[in-house]
Novice: 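Below you'll find the structure I mean.
Only a predicted model underlies this, so the values are computations on that prediction, with no experimental measurement involved. Each residue takes its place number in the sequence, starting with 1.
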Amino acid sequence: MFDYKNEAEIRRYQQMLRIEAGRKVLDQINGKTRQIRQDGYINLLNKYGTAQDNSTAYQWEPETPVTDYKLTELYQGGSLFAKIIDAPADEAVKNGIDLGVTDEKAREYIEDTLAWLEWDENISTALKWSRLYGGSIAVMMIDDGGGLDEPLNLGNIRGIDEIRVYDRSIAIPDYTSIYKLDPSSNLSSRTGSSRFRHRFLEPEFYDVASIYGSFRVHESRCLVFRNGKVPERSSLTQYRHWGLPEYIRIRKELREAVTSVSYSVKMLEKSVQAIYGMKNLQELLTTDEGEDIVLRRLRVIDMARNFLNSIAIDSDGETYDFKSMTLSGVKDIVETTFATISAVSNVPQTVLFGRSPAGENATGDGDLENWYSYVQRIWKVDVKSNLKYLVDIIIKAGMAQGYITEDPKPKIEMNPLWSLSETEQATVDQTKAATEQTKAATLQLYVDMQAIGPDEVRAALKKEGTLDISSMLDDLPEDETWGLGEEIEGTPTDPFQTPQGRLTEAQGTSQTAPGDNSLPQEENADTGDLTGQGPGTKITGVGTIVVKDGRVLVGRRKSDFCSGTICGPGGHIEAGESGKQAAVREAREEFGITIDPADLYLVGVDDTLPSEFGGSIFYLATDFAGDPKCDDVEMTNAQFTDASELMEREEGLFPPFAASLKQLARVLKRKTDT
């Protein structure tokens, strides 16, 4: 029997072979061997996807390397390029630094020495040369008894005289003296001190060829600045140890920005063109004498227009007119080139051109934010470590001279780049005052419910100077179970430890003896805040009192058991769960909120309820994530209710929830009494 299915497959394969054969013929006509492609499109009409596709003809080719002499000329002659180089460097040191030194005498000595060394000018210059040439070094003239080509003797520093900055073009690394990874050698770090960064795979010496003299200097006497990093396989080997000059990254965009402005000025000059019509012009131009007549006539007309502001022409055969050229689109092109050079140089238009970027709703605020982030990145990468090294050397010199008694361990940070105006500062102060007022109102609710005492509020204000409710609730002695008062006499510090055994949170039961999972009775039955009071009831349930601004989260039960009663998050402890795990799960399932187990405070346990409820463990939560919303399966009508109102209710509460509120009231009362 003939298999039609196999015949159809054979025909499909034959069609595919014919298509492929046609492609090979087409490739032979085009004179190119075509690679097999697994996907893609070909359009023979516009040659898309074929060998004649113009869009595939573009490929990247590196531009010719730029010489150091060319970089110098560009910096000296190009105001826009010079601003791109200078602006980040000047901004990084503009507002100074915070030494983070509390010792006033030590701070004054360090600040005076830094000012005498002109640290801001030298650091700014080093950053500029780093951006211009790809890198630079600042050589510190340190008095330690050694020469410039000798490693710095950190223990013998007596002073530092000056700092001199040299750019990459005249500071040549000695690639034969590269540090190797040898943990036992002091050469693997700057001075053997853990406070200085490691120098693995960096040169030990630099040869400086200055017009004022040549010398060799050890790297431990240098502050090294690099404009980024270059990959090891870079073809520009002269920048391998340093970084790329900024011009290499932006030269195409810089060229377009400069030419767009210059061409727009030329277009403005040519936008109004004078047209002079002369009788028999073509005939006159056929002879030299006639050509001179035409040129003389043009000069007379131009002179009359420029000086006399009037033109006299022959009424017979001469005409004079103006033609205007539209300049629409020129502004958009200039704006685009400005935005491009600003983007690639990371210098915003407000800094580069002294103007905000054009466009609808363009204010420049986002540019300034990115600008400050860029400057801070330069500070962290290139300035902070070098400045810390310099300050550490100054401290060593100060200790040797007796100005500093002990190492102040500075923590250097950049002063804020942005300073608020008086109006902005007044707005900030007003917002802070409103925030403090809200905190005070919230804190009053906690005081009213006796969760915090007035003495604690005064102590916190005296210590911190502001109202921080969470720290008042959290920052309490660790030996307190919940942090609301001292332990009940006879009760262990561990809330799950009883005199007769340990309540295992992993199982939600107590362990008194093998095979006995009942909670033992506490001897002091009238307190009962942390241990059970009944004779052997198992701990099977959990309840959480969620408090926000002095109000308790509640809903109404929808299950058949105690339907319609008011209750907070809670339920049965499942097998393998701890009490906290069950509390977190029930809060998420019933009210849609997330509670961090670390934010759950133990209120106590209660096994005095009827047997159908079992024993329960109660927690308090004052912090959670999400907006409360009942699942409408077990609970409905989520809302926050006044805590005092709930505690005064005698009916309508779910019994375990009512018991948890009573436990909370007893703990708060005990805290108040003590």
Novice: Please answer whether the main-chain N or O of Thr336 pairs with a side-chain N or O of Thr340 as donor and acceptor at a distance below 3.5 Å.
Specialist: yes

Novice: In sequence, state the C-alpha distance, the side-chain angles, and the governing distance for Asp167 and Ser136, and then conclude on side-chain hydrogen bond (donor to acceptor under 3.5 Å, both in side chains).
Specialist: CA-CA 4 Å; Asp167 62 72; Ser136 64; over 6 Å; no

Novice: Report the residues that fulfil salt bridge (charged side-chain N to carboxylate O under 4.0 Å, His left out) with Lys105, sequence neighbours left out, ordered by chain and then residue number.
Specialist: none

Novice: Taking atom types as modelled and ignoring hydrogens, do the side chains of His241 and Arg168 form a donor-acceptor contact shorter than 3.5 angstrom?
Specialist: no

Novice: Main chain of Ile85, side chain of Arg131: is a donor-acceptor contact present, judged purely on distance under 3.5 Å?
Specialist: yes

Novice: Rounded to the nearest 0.5 Å, what separates atom NZ in Lys411 from atom OG1 in Thr102?
Specialist: 10.0 Å

Novice: Could you check whether Thr72 and Tyr133, counting side-chain N and O atoms only, form a donor-acceptor pair closer than 3.5 Å?
Specialist: yes

Novice: Check the angle between the aromatic planes of Tyr206 and Trp242 and answer parallel, tilted or perpendicular using the 30° and 60° thresholds.
Specialist: tilted

Novice: Measure from the side-chain N and O atoms of Asp382 to the backbone N and O of Arg226, and report whether any donor-acceptor pair falls under 3.5 Å.
Specialist: yes

Novice: Looking at side-chain heavy atoms only, is the closest gap between Ile378 and Tyr374 below 4.5 Å?
Specialist: yes

Novice: Would a distance-only check, ignoring hydrogens and angles, find a side-chain to backbone donor-acceptor pair under 3.5 Å from Glu219 to Pro203?
Specialist: no

Novice: Which atom pairs, one a donor and one an acceptor, fall under 3.5 Å between side chains of residues 114-122 and the rest of the protein, sequence neighbours left out?
Specialist:
{"unit_1": "Asn122", "atom_1": "ND2", "unit_2": "Leu117", "atom_2": "O", "d": "2.8"}
{"unit_1": "Asn122", "atom_1": "ND2", "unit_2": "Glu118", "atom_2": "O", "d": "3.0"}

Novice: What's the spacing between Trp379 CH2 and Asn386 CG if we round to 0.5 Å?
Specialist: 10.5 Å

Novice: Assess the residue pair Arg216 and Val208 against the criterion (side chain to side chain contact (heavy atoms under 4.5 Å, CB included)); give the C-alpha distance rounded to whole Å, side-chain angles, the decisive distance to 0.1 Å, and a yes or no.
Specialist: CA-CA 6 Å; Arg216 185 177 177 87; Val208 179; over 6 Å; no

Novice: Looking only at the side chains, is there a donor atom on one of Ser130 and Asn227 sitting less than 3.5 Å from an acceptor on the other?
Specialist: no

Novice: If you measure from CG on Leu390 to CG on Leu223, what distance do you get to the nearest 0.5 Å?
Specialist: 6.0 Å

Novice: Show the numbers, then the answer: is there a salt bridge (Lys or Arg N to Asp or Glu O under 4.0 Å) between Lys94 and Glu91?
Specialist: CA-CA 5 Å; Lys94 179 181 68 174; Glu91 191 74 24; 2.8 Å; yes

Novice: Would you check if the side chain of Asp144 reaches a backbone N or O of Asn156 as a donor-acceptor pair within less than 3.5 Å?
Specialist: no

Novice: In chain order, what residues pass the side-chain contact (heavy atoms from CB on, under 4.5 Å) check against Val294, with sequence neighbours excluded?
Specialist: Met278, Leu281, Leu284, Leu285, Leu298

Novice: To the nearest 0.5 Å, tell me how far Ile142 CD1 sits from Leu154 CG.
Specialist: 9.0 Å

Novice: Step by step, work out the salt bridge (Lys or Arg N to Asp or Glu O under 4.0 Å) result for Asp407 and Lys396.
Specialist: CA-CA 8 Å; Asp407 189 348; Lys396 292 292 184 182; 5.6 Å; no

Novice: Do other residues, nucleotides or ligands put more than 12 heavy atoms under 6.0 Å from the CZ atom of Arg164?
Specialist: no

Novice: Would Phe215 and Tyr166 count as a close aromatic pair, with their ring centres under 6.0 Å?
Specialist: yes

Novice: Find the distance between NZ (Lys83) and OH (Tyr75) and round it off to the nearest 0.5 Å.
Specialist: 12.5 Å

Novice: Output yes when a side-chain donor or acceptor of Ser345 lies under 3.5 Å from a complementary backbone atom of Ile341, and no otherwise.
Specialist: yes

Novice: Run the salt bridge (Lys or Arg N to Asp or Glu O under 4.0 Å) test on Arg221 and Glu150 for me, step by step, so that the C-alpha distance in whole Å, both residues' side-chain angles and the decisive distance to 0.1 Å come before the verdict.
Specialist: CA-CA 9 Å; Arg221 301 177 184 273; Glu150 297 178 356; 5.1 Å; no

Novice: One thing to verify: whether Arg249 and Glu246 come together as a salt bridge, which I'm taking to mean a side-chain N less than 4.0 angstrom from a carboxylate O.
Specialist: yes

Novice: Is it true that a side-chain atom of Ser220 and a backbone atom of Leu152 form a donor plus acceptor pair closer than 3.5 Å?
Specialist: yes

Novice: Apply side chain to side chain contact (heavy atoms under 4.5 Å, CB included) to Met414 and Gln376, showing your working.
Specialist: CA-CA 8 Å; Met414 172 196 289; Gln376 287 175 345; 4.2 Å; yes

Novice: Can you tell me how far the CD1 atom of Ile160 sits from the CD atom of Glu162, to the nearest 0.5 Å?
Specialist: 9.5 Å

Novice: Using only atom types and a distance under 3.5 Å, with no angle test, would you say the side chain of Asp103 pairs donor to acceptor with the backbone of Pro408?
Specialist: no

